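Here the structure comes first, spelled out in structure tokens, and everything after it is commentary.
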Number of protein chains: 2
Amino acid sequence: MKQKITLKHIARELEVSISTVSKALKNSEEISRDTKEKVQAFAKLYNYKPNNIAISLKNKRTKNIGVIIPDIVHHFFTTVFRGIEKYADSHGYNVIVCVSDESFDKEVINMEMLANGSIDGFIMALSAETQLKNDFNHLKEVTEQGIPLVLFDRITDEIECDKVVIDDKEAAYQAVTKLINNGRKRIALITTESYLNVSEKRAEGYFEALKDNGLAIDESLVLRLPYQYEDEQKSGKFFESKEIDAVLCVNEIFAIRCMRHAIKKGLKIPEDISFIGFTDGILSKFANPRLTSVAQHGERMGEIAAQMLIEKVESEEENETYRTEILKSTLIERESTIN
Amino acid sequence: MKQKITLKHIARELEVSISTVSKALKNSEEISRDTKEKVQAFAKLYNYKPNNIAISLKNKRTKNIGVIIPDIVHHFFTTVFRGIEKYADSHGYNVIVCVSDESFDKEVINMEMLANGSIDGFIMALSAETQLKNDFNHLKEVTEQGIPLVLFDRITDEIECDKVVIDDKEAAYQAVTKLINNGRKRIALITTESYLNVSEKRAEGYFEALKDNGLAIDESLVLRLPYQYEDEQKSGKFFESKEIDAVLCVNEIFAIRCMRHAIKKGLKIPEDISFIGFTDGILSKFANPRLTSVAQHGERMGEIAAQMLIEKVESEEENETYRTEILKSTLIERESTIN
DNA sequence: TGGTGTTACGAAAACGGTTTCGTGTTAATA
DNA sequence: TATTAACACGAAACCGTTTTCGTAACACCA
């Protein structure tokens with residue numbers, strides 16, 4: 001087993017001091033040509049690479065970013081993660097991921113773990129439970145310690161920090177407006193049961209668009225489903241019993257499932273009933289019919305989050321100004337709506 | 001900004017030595033009841049948490065696992081990752097993810113980066129480019145340094161280390177056999193162009209099943225597509241020109257796309273033509289018709305990989321025995337085949 | 001010859017912990 | 001009373017770096 005070589009080894013071997021080796025490797029002016037060449041040659045020969053941990057301890061900078069997300073088998077989060085990783089990697093940072101599993105406790109534990117020196121800053125999307133409990137002390141503690149934090153998608157107003165979101169309300173508004181312009185009158189909203197910031201925003205946009213276009217708000221056209229629903233009974237009944245000519249779903253899975261119900265009922269998509277989903281993921285693209293969907297530009301979101309974080313991490317002064325970046329979403333029109 | 005408190009602070013405040021504080025916090029026998037209580041109370045009050053980096057440096061153990069995968073926006077890898085994260089988390093380990101983006105160079109750079117002290121071991125799936133180049137020096141270097149390595153899914157025989165795979169060949173064999181038992185005679189294989197270990201194995205199983213069942217091997221029924229293909233021309237033509245009654249696809253995207261071609265051609269699934277895909281992901285489940293697919297049990301795979309790695313990391317002796325775990329895959333039958 | 005300035009290097013502190021070993025104080029024992 | 005053991009703690013080394021500061025050796029100049 002080849003042992004990793006350290007400054008100490010080089011120093012001993014070349015009969016110079018550790019400081020000399022360290023300086024020689026950094027091409028310091030202090031060291032003579034001869035010595036530098038000797039040291040550098042030796043280091044290259046034995047493939048010396050400084051120990052990251054030691055450097056982290058010394059510099060009090062780890063070059064690690066902590067990412068905490070509710071789930072990883074989830075297209076949108078994965079997309080954001082890719083953006084984060086991409087930006088981080090190209091700027092010399094590594095990414096440590098923790099999955100909160102929508103659990104408040106796991107979120108807290110993971111944060112505390114990472115906050116003890118493992119990372120230089122956090123990027124996170126709140127777990128459903130955290131949003132429900134409305135308890136953000138763990139975030140507060142971290143920011144009070146001066147650890148930069150960037151929130152994305154699932155955010156809260158209670159914490160002052162940088163944030164990146166998409167214009168959920170606006171996106172829903174536009175989507176519903178489009179449906180109305182296509183002549184749709186009875187537009188359903190399929191949303192989540194549990195309290196999620198984003199779902200609420202989308203619902204707001206839905207209601208506002210109806211109102212602004214002079215359509216009555218009919219609460220019976222709003223269906224709330226469990227976030228991870230497997231049981232199709234509830235949505236099945238909904239489709240059987242209602243007369244609907246368009247549907248806005250807050251995610252693509254809801255949309256795909258509901259399209260099935262519609263097809264089973266004998267409805268033609270998009271002629272009899274139109275569908276628009278959120279999260280323009282793999283399902284929207286490959287569904288049959290292909291689903292018109294609100295693209296959230298997750299990768300861009302991740303890049304922006306990473307950029308915001310790294311800027312804060314690397315800025316010397318404690319900049320107490322935070323910004324919230326609002327990304328424009330895009331409606332990707334496909335076969336489930338009339339063009 | 002609340003500064004993080006260290007042993008030194010506590011020692012100064014309580015007018016004892018750093019060693020005493022350290023021992024008191026670990027409930028050492030050496031320290032008197034009084035002192036221990038005093039120190040522990042103080043530590044709790046100021047919410048003292050040891051610095052991970054310092055501990056890592058001292059122990060030469062980071063409690064971090066490095067995971068290098070070709071892509072993260074990819075259902076199977078994500079699933080494996082979830083298994084890894086889950087097991088790691090429950091055993092006190094954090095996970096650092098790097099994405100190789102199917103690039104050899106990125107894989108090498110990321111590995112070297114992490115190998116300098118950041119992690120205790122690696123779990124990885126090789127990039128396509130690495131498999132093509134057949135260059136595994138970076139893996140060799142790492143293992144020679146005594147850093148444990150577990151390979152999953154995209155593996156190589158050139159490196160001695162723990163491995164986890166599914167029985168790709170067997171799975172393909174079973175799938176094709178099933179199609180044959182359903183009376184299918186002209187079974188196509190849609191696979192990848194680039195060299196991927198797994199695709200080759202699946203092709204082997206396909207051929208062997210045909211042979212064992214007395215069906216002629218017709219190379220014109222094998223279609224090779226670029227890994228990330230967007231252009232549907234090639235597969236479109238293939239379906240137009242061939243008489244086929246069943247298709248085995250090495251991933252679900254290929255399957256979904258090809259089902260579209262078949263439907264467009266006026267074929268009925270599964271009556272006229274059956275489809276089986278690999279990677280039982282979200283697409284298989286929600287496709288229309290739902291796709292019969294080989295479940296690779298990614299999460300289980302990740303758990304096993306993590307378990308193997310952590311065992312190696314924590315075992316004192318340099319155990320030079322490696323094992324290859326072969327997971328059984330499962331054929332999930334849905335609407336795209338006849339039951 | 002004494003003073004000054006370079007040059008080239010080493011000692012040591014620091015980052016924040018853990019751990020070994022030495023030692024002063026007290027109490028028990030011969 | 002002298003010896004010994006137990007107790008409770010501190011000093012210091014160590015992990016692998018970086019960086020500040022001190023200084024030996026030499027050259028140069030007046």
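It should be emphasised that the depicted structure is a prediction, and the values quoted were computed from it without experimental measurement.
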Salt bridge present between Lys86(A) and Asp101(B) (N-O < 4.0 angstrom) = no
Atom CG of Asn59(A) and atom P of dG16(C) are separated, to the nearest Å, by 12 Å
Can you tell me if the side-chain N/O atoms of Thr35(A) get under 4.0 Å from OP1 or OP2 in dC9(C)?
-> yes
Is there a salt bridge (charged side-chain N to carboxylate O under 4.0 Å, His left out) between Glu15(A) and Lys38(A) once you walk through the steps?
-> CA-CA 11 Å; Glu15(A) 298 186 298; Lys38(A) 203 173 54 177; over 6 Å; no
Establish, with yes or no, whether the OP1 or OP2 oxygen of dC15(D) is under 4.0 angstrom from a side-chain nitrogen or oxygen of Lys8(A).
-> yes
State whether Lys60(A) places a side-chain N or O below 4.0 Å from either non-bridging phosphate oxygen (OP1 or OP2) of dG16(C).
-> yes
If you look at every strand shown and take non-hydrogen atoms under 4.0 Å, does Ser19(B) touch a base, only sugar-phosphate, or nothing?
-> base
Side chain of Ile55(A): nearest nucleotide among dC15(D), dT19(C), dT18(D)?
-> dT18(D)
Could you walk me through whether Asp153(A) and Met301(A) pass side-chain contact (heavy atoms from CB on, under 4.5 Å), step by step?
-> CA-CA 9 Å; Asp153(A) 193 56; Met301(A) 196 163 191; 3.9 Å; yes
Name the one of Ile69(B), Leu149(B), Val67(B), Thr130(B) that satisfies side chain to side chain contact (heavy atoms under 4.5 Å, CB included) with Met124(B)?
-> Leu149(B)
According to a strict under-4.0 Å criterion, is Thr6(A) in side-chain N/O contact with OP1 or OP2 of dG16(D)?
-> no
dG16(C) P sits how many Å from Ile10(B) CD1, rounded?
-> 13 Å
Nearest-Å distance, CG (Leu7(A)) to C1' (dC9(C))?
-> 16 Å
Whole-Å distance between dC15(C) P and Asn116(A) CG?
-> 18 Å
Let me know the distance between CD of Glu30(B) and C1' of dA11(D), rounded to the nearest Å.
-> 13 Å
Check the side chains of His9(B) and Thr6(B) for a donor-acceptor pair under 3.5 angstrom, ignoring hydrogens and angles.
-> yes
Which residue, Thr20(B) or Thr20(A), contacts DNA chain D at a nucleotide closer to its 5' end, judged by nearest heavy atom?
-> Thr20(B)
May I have the distance from Asn51(A) (atom CG) to dT18(D) (atom P), rounded to whole angstrom?
-> 10 Å
Can you check whether Ser32(B) has a side-chain N or O nearer than 4.0 Å to OP1 or OP2 of dC7(D)?
-> no
Are Ser56(B) and dG17(C) close enough that a side-chain N or O sits under 4.0 Å from OP1 or OP2?
-> no
No-H, no-angle donor-acceptor pair, Lys23(B) side chain to dG10(D) base, under 3.5 Å | yes
Under 3.5 Å donor-acceptor pair, Lys58(A) side-chain atoms to dT17(D) base atoms | no
Tyr48(A) vs dG16(D): side-chain N/O to OP1/OP2 distance below 4.0 Å | no
Selection from dG17(C), dG10(D), dT17(D) that lies nearest to any side-chain heavy atom of Ala54(A) = dT17(D)
Flag yes if more than 12 heavy atoms outside Glu314(A) fall under 6.0 Å of its CD atom; otherwise flag no.
-> yes
Separation of Lys36(B) atom NZ from dC7(D) atom C1', in whole Å?
-> 12 Å
Separation of atom NZ in Lys26(B) from atom C1' in dT19(C), rounded to whole Å = 9 Å
